[in-house]
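All remarks here apply to the structure that follows.
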Amino acid sequence: SHRSVDNNATQHKQTMGKKSKRSKSDGASATDSAAPSREEEVRRPAPALRTNDATTDESDNLQTEDPYEDIYEEEDDDVSYEDVYESSGDEDDDEYMEEMAGGGTETKPKAIPEIPSQDGACPPSKIQTWNPFTSPADASNGPLEMDETAYKMHHALTPEWPSLTLDIVPDRTLGENRTRFPHVVTMAVGSQADKKNNNKLTILRMSDLSRIPGSKREKTEKELDDEMLGEEWKHEDEDDSESSSDEEEEEEELDAVLEHYSFPHTSGGINRVRVCPHNTDVVGVWSESGVVSLYDVGGAIDVLDRSSMGSNNTKKEKDSNNTNAAANMSVRKMRKDPFFVYSGHSTEGYALDWSRVTPGRLATADCDGNIHIWNASHPVTPNDIVAKYKNNSPWGNSSFEVKPTYAPHGDNLDNPSVEDLQWSPSEATVLASAECGGFVRIYDVRCPNKAMISNKIHGSGADVNVISWNRLVGNLLASGGDDGSFCVWDLRNFQSPDPSQPPKPLARFHSHRTPITSL
């Protein structure tokens, strides 16, 4: 015979599949025990609702086993949340079931304890990225720090005296567009010293310039092929992997090396330095005293080249061949004073540029608006010099002929200062000038005292400080001015149809807050 039990207990037993046993005494069966009355069954709570300390000596009390053992899940869609929660084994099961049985009041979630703050600890600083196009105008007033993750290589040095100008000396044998580390660079730097006689022209050689630690190295052609073909085609010998790892370690262990040689410049502070592209031994210097000087720095470069060949800073230069070559390398006689000095300008200036089409052609301009054209009187390229002069240097006071070609003219007579000059990268006779008052002019040296094109590109009259002629696209010219903007112009449409209106650039950028002096 079966007896009736509480609905909750029965549902629990059927759903969770618990095993249960009735107490037997003296071999008597469960059907022989006295059946409880209906009122007692109603008053008596289900086994799951009984407290742990509740004791009963009734013979038919259901005893459940360990809640974590012998649990059988049955496919029953009518499983209630109370049944699942009852069998979860949490310590708060009894309290929850009592609340459900007492009226189903909602339970309040427990408050998450607050994490105690560290006493005296400074809150972490918030790093903000400054964007010149989107950030507020006053955002750049504070200190700006460089983000090294944006660069593969970064090195800094502090010269003895401040400098307004420098120029890169092209390498003789290493070539352009080098990507393999470590790098080497040679540059000419002019000083602005406290006293006139303390100024100097310095040739700097910086070698063993390694990448920033942690930056990714350039992938080899083999690695690019493996990446493109897939993992199953990847083939890398142990020797290759060891050599690549050795190269990485070698790059990280190298320390940058700085070597220099200085030439005295007694004509005062140096405003502009430019290296002749057809012969890197010749460097032109504009001084604040109104004098243009030309230096022969070939001997200094020979000394630096011999030092680099004989150095043991890198593992690749430790072989005896390089050491012997450095010892046998001849060094030309060094001349510390300039071989050509020109004082024909009326005042100081900043504009100076060598032609990349005609060897030995130079243009200089001063703050009074005068432009002078220089032409070499003898061969300039190293091969031509060796062919004609053997090992003797041809540079002297008669090496160049200088001719005043342009004087102030047009609408800019009040402030005609020429701030920059640029020869055309493709035309031997075409020259561009940047002037105060917002003017840019295009000249042809075959037509002296006349500008072929003249435009006031800044309607506000802001000075044009610098221009740069694109060497790959000959009709593009960039300019930077005192108003902090720089523009790109198409010279095919540079002449405005309305003289009263400035021409429209291809692009104009207002990312700077101060005057642009280099471009």
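Side-chain atoms are counted along with the backbone in the values below, which use heavy atoms only and exclude waters and symmetry mates.
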Give the C-alpha distance, both sets of side-chain angles, the deciding distance and a yes or no for side-chain hydrogen bond (donor to acceptor under 3.5 Å, both in side chains) between Ser287 and His265. CA-CA 9 Å; Ser287 71; His265 186 265; 4.7 Å; no

Could you go step by step and tell me if Val184 and Arg178 meet the side chain to side chain contact (heavy atoms under 4.5 Å, CB included) rule? CA-CA 10 Å; Val184 58; Arg178 302 190 302 273; 4.2 Å; yes

Apply side chain to side chain contact (heavy atoms under 4.5 Å, CB included) to the pair Phe494 and Ile457, showing each step before the final yes or no. CA-CA 9 Å; Phe494 192 62; Ile457 62 174; 3.7 Å; yes

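Side chains of Asn383 and Thr381: no donor on one and acceptor on the other come within 3.5 Å. Under the 3.5 Å distance criterion, with hydrogens and angles disregarded, no donor-acceptor pair is assigned to the side chains of Thr266 and Asn197. There is a side-chain donor-acceptor pair under 3.5 Å between Glu419 and Ser417.
Within the 4.5 Å cutoff, the side chain of Leu294 has heavy atoms near those of the Trp374 side chain.
Counting only distance, with no hydrogens or angles, the side chain of Arg272 and the backbone of Tyr350 share a donor-acceptor pair below 3.5 Å. Judged by distance alone, the side chain of Ser191 and the main-chain N or O of Lys200 form a donor-acceptor pair under 3.5 Å.
Shown here for Pro408 and Asn370, the closest heavy-atom pair between the two residues is CD-OD1, 3.5 Å.
Annotation for His183: atom NE2 counts as buried by contact number, over 12 foreign heavy atoms lying within 6.0 Å.
Distance CZ/Phe439 to CG/Asp463: 11.0 Å, rounded to 0.5 Å.
Pairs passing the salt bridge (Lys or Arg N to Asp or Glu O under 4.0 Å) check and including a residue from residues 432-446, sequence neighbours excluded, read Glu435-Arg441, Asp444-Arg446.
A tilted orientation is assigned to the rings of His154 and Tyr151, their planes being inclined by 30° to 60°.
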